[in-house]
Amino acid sequence: MSSLTSPNASTVHTTKWLYARRKLRFFSRIRRLLLHVKASRKEYRPSDDGVIGGGGKREEGVVMEREEKSDGGWAVLQKSVKKLHFGSWEEKEAAAMEIKTVAQLDLKRRKSMAELGVIPPLVSMFGSHVAERRRLAVQTLVQLANGSYTNKALMVEAGLLSKFPEKMDILEESTRQEFVQLLFSITSLANAQLPAINTSRIVPFLVSILESSTNNDTRELCLSTLHNLSSVLENSGILVKNGAVTILLNLSSVREVSDKALAVLGNLAVTLTGKKALEDSPAMPESLIEIMTWEESPKSQELSVYILMILAHQSSIQREKMAKAGIVPVLLEVALLGSALAQKRALKLLQWFKDERQSRMGPHSGPQMRRAATMGSPVHPREVDEGKRLMKSIVKQSLYKNMETITRRANGEGESSARLKAALVSSSSSKSLPY
């Protein structure tokens with residue numbers, strides 16, 4: 001009987017020995033790192049009065065007091081790291097609170113704590129089903145991510161993004177903002193793509209918050225995070241798939257967050273998937289044409305014209321939709337009263353409408369979708385004449401109807417009219433959009 005039980009006893013003894021040895025190595029590593037950090041902090045300590053070697057007992061007492069506080073602080077941090085790795089849940093929560101407090105002090109401390117291995121257990125705590133515990137982990141990770149690319153990369157490597165819920169079921173607005181703040185900080189890695197960011201969970205998470213939240217601060221954080229993600233063209237597919245275009249178009253009509261929503265739409269519009277989603281939206285182009293009339297929001301005007309230029313370029317169908325929606329009078333107004341960039345873009349669009357269906361269109365001018373669709377076949381003269389009459393009629397009616405009002409608001413009737421006429425008459429040609 002003893003021969004049967006002895007191997008098991010030996011195995012248990014060996015396992016305990018290995019565990020104790022691993023724990024000792026871990027604590028030794030923490031101690032070395034803490035000593036290294038303390039030594040680097042003591043390399044230079046100027047005297048209070050600025051004189052080398054001076055100060056007497058008073059200065060010496062101040063230095064000793066500072067060292068005691070510093071040693072005590074690092075001793076507390078060392079205990080916190082141990083509790084975070086090996087303590088009970090109550091001890092882990094207390095340790096996370098202490099680490100959050102220390103992380104707020106400076107970037108050097110945040111980097112040192114990451115070297116001590118605090119990020120993986122905090123990420124595990126983030127995956128907890130206890131709401132308060134998860135929130136504490138979020139707050140601590142936000143502080144550790146502040147200003148440190150390395151810490152953010154370590155969080156992604158530890159699987160932080162895979163632990164985000166697909167829907168936000170927490171009602172407190174402050175908690176939502178903390179979750180999104182963490183995502184906003186992490187997604188600043190998107191452009192570098194080191195490491196690659198998996199967006200399969202965080203995009204539905206952000207969309208769910210945008211759908212349910214009415215707080216503009218939370219919306220701005222979500223839109224800024226989506227802007228980080230949309231800067232990587234490969235993410236356009238998952239953004240469109242989760243209904244981001246519809247939500248962004250709705251938010252673009254909210255003046256407080258319009259600029260950020262339009263900026264994300266501008267990133268999506270340059271991709272085939274995003275452009276098609278915009279073209280298929282029932283809110284297009286009326287919603288963007290309405291934004292073009294916001295004289296007090298020049299950034300929104302510029303972005304809305306920019307998106308419409310992308311849609312109108314080499315697409316006679318989209319230009320026809322825009323003309324029916326009444327874009328020409330609005331473009332005339334922007335060309336007179338908008339910002340410098342908005343005026344430039346509006347004039348370019350007006351030139352495209354003016355050149356629509358003309359038979360002698362240069363190979364490098366704006367809209368050419370009609371010729372591409374006919375596979376190089378010449379345009380019928382009847383279509384050319386019909387297009388000329390149509391566009392002349394639209395422009396003439398718009399000019400007569402709106403010129404008096406527009407020029408009066410511009411406070412310069414003769415000068416503004418002459419400038420607009422000269423801009424429209426002169427032929428403008430470019431191989432690319434004036435972005």
Side-chain angles (χ1 to χ4, degrees), residues 207 210-211 213-217 219-224 226-227 230-231 236 239-240 243-271 274-313 315 317-353 394 398 401-402 405-406 409-410 420 433-435:
V207 170
L210 286 175
E211 287 177 332
S213 178
T214 57
N215 184 278
N216 286 330
D217 292 335
R219 285 172 168 178
E220 284 190 5
L221 272 174
C222 283
L223 292 171
S224 298
L226 288 177
H227 187 266
S230 64
S231 299
S236 62
L239 287 168
V240 172
V245 170
T246 302
I247 296 173
L248 291 169
L249 283 172
N250 292 335
L251 291 176
S252 65
S253 300
V254 180
R255 294 177 184 263
E256 291 80 6
V257 296
S258 178
D259 292 356
K260 294 186 179 297
L262 289 170
V264 182
L265 285 173
N267 285 344
L268 293 177
V270 299
T271 67
K275 183 178 180 182
K276 187 177 187 307
L278 282 168
E279 292 173 347
D280 295 340
S281 173
M284 290 291 294
E286 288 80 4
S287 60
L288 295 185
I289 294 176
E290 173 64 25
I291 295 171
M292 287 169 55
T293 64
W294 296 357
E295 297 177 12
E296 70 282 2
S297 303
K299 187 66 175 179
S300 296
Q301 274 189 331
E302 294 167 3
L303 289 169
S304 60
V305 181
Y306 167 74
I307 297 170
L308 289 170
M309 286 183 70
I310 296 176
L311 299 180
H313 187 62
S315 176
I317 296 175
Q318 294 303 315
R319 291 194 296 272
E320 185 178 355
K321 287 174 62 176
M322 295 175 192
K324 290 180 179 179
I327 192 175
V328 173
V330 180
L331 286 173
L332 290 169
E333 186 172 350
V334 174
L336 287 172
L337 306 177
S339 64
L341 182 57
Q343 287 180 359
K344 182 179 180 180
R345 290 172 174 173
L347 287 171
K348 184 70 175 180
L349 261 176
L350 283 170
Q351 185 67 39
W352 289 0
F353 280 104
I394 292 175
S398 301
K401 183 177 180 180
N402 298 286
T405 303
I406 295 173
R409 292 166 64 186
L420 178 62
L433 300 177
Y435 299 159

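- At most 12 heavy atoms of other shown residues, nucleotides or ligands fall within 6.0 angstrom of atom NZ in K299.
- Pairing each heavy atom of L210 with each of I247, the nearest pair is CB-CG2, 4.0 Å.
- With rounding to the nearest 0.5 angstrom, the SG atom of C222 is 11.5 Å from the NZ atom of K260.
- Here the closest heavy-atom approach between residue R319 and residue F353 is recorded as O-CE2, 3.3 Å.
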### Task
Evaluate side chain to side chain contact (heavy atoms under 4.5 Å, CB included) for L248 paired with L268, printing each intermediate quantity in order.
CA-CA 11 Å; L248 291 169; L268 293 177; 4.0 Å; yes
#### Entry: Criterion side chain to side chain contact (heavy atoms under 4.5 Å, CB included) on V240 and K276, from CA distance to verdict
CA-CA 10 Å; V240 172; K276 187 177 187 307; over 6 Å; no
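- Taking every heavy atom of both residues into account, T293 and E290 meet most closely at OG1-O, 2.5 Å.
- Between L239 and S230 the shortest side-chain heavy-atom distance falls below 4.5 Å.
- Atom CE of M309 is separated from atom CH2 of W352 by 4.5 Å, given to the nearest 0.5 angstrom.
- In terms of heavy-atom proximity, M322 sits nearest to I289 at O-CD1, 4.2 Å.
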### Message
side chain to side chain contact (heavy atoms under 4.5 Å, CB included), that's the test. Do E279 and Q318 meet it? Break it down for me.
### Response
CA-CA 8 Å; E279 292 173 347; Q318 294 303 315; 3.6 Å; yes
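- To the nearest 0.5 Å, atom CG of residue L288 and atom CG of residue L311 are 7.5 Å apart.
- Side-chain atoms of S304 come within 3.5 Å of backbone atoms of Q301 as a donor-acceptor pair (strictly under, hydrogens ignored).
- Formation of a donor-acceptor pair under 3.5 Å by the S231 side chain with backbone atoms of H227 is found in this model.
- Pairing each heavy atom of L265 with each of I307, the nearest pair is CB-CD1, 3.7 Å.
- E286 meets the side-chain contact (heavy atoms from CB on, under 4.5 Å) test with A325; sequence neighbours excluded.
- With rounding to the nearest 0.5 Å, the separation of CG in L347 from CG in L331 is 9.0 Å.
- Atom CD1 of I291 is separated from atom OG of S258 by 4.5 Å, given to the nearest 0.5 angstrom.
- Taking both residues in full, the closest heavy atoms of S300 and L262 are given as O-CD1, 3.6 Å, listed atom of the first, atom of the second, then distance.
- Here the straight-line distance linking atom CD of Q343 with atom CG of L337 works out to 8.0 Å at 0.5 Å rounding.
- Here the side chain of S252 pairs a donor or acceptor atom with the backbone of L249 at under 3.5 angstrom.
- E302 and S339 form a side-chain donor-acceptor contact under 3.5 Å, judged by distance and modelled atom types alone.
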### Message
Checking L308 against M292 for the side chain to side chain contact (heavy atoms under 4.5 Å, CB included) test, could you report, in this order, the C-alpha distance in whole Å, the side-chain angles of both residues, the deciding distance, and whether it holds?
### Response
CA-CA 10 Å; L308 289 170; M292 287 169 55; 3.3 Å; yes
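- No side-chain heavy atom of D259 sits less than 4.5 Å from a side-chain heavy atom of L223.
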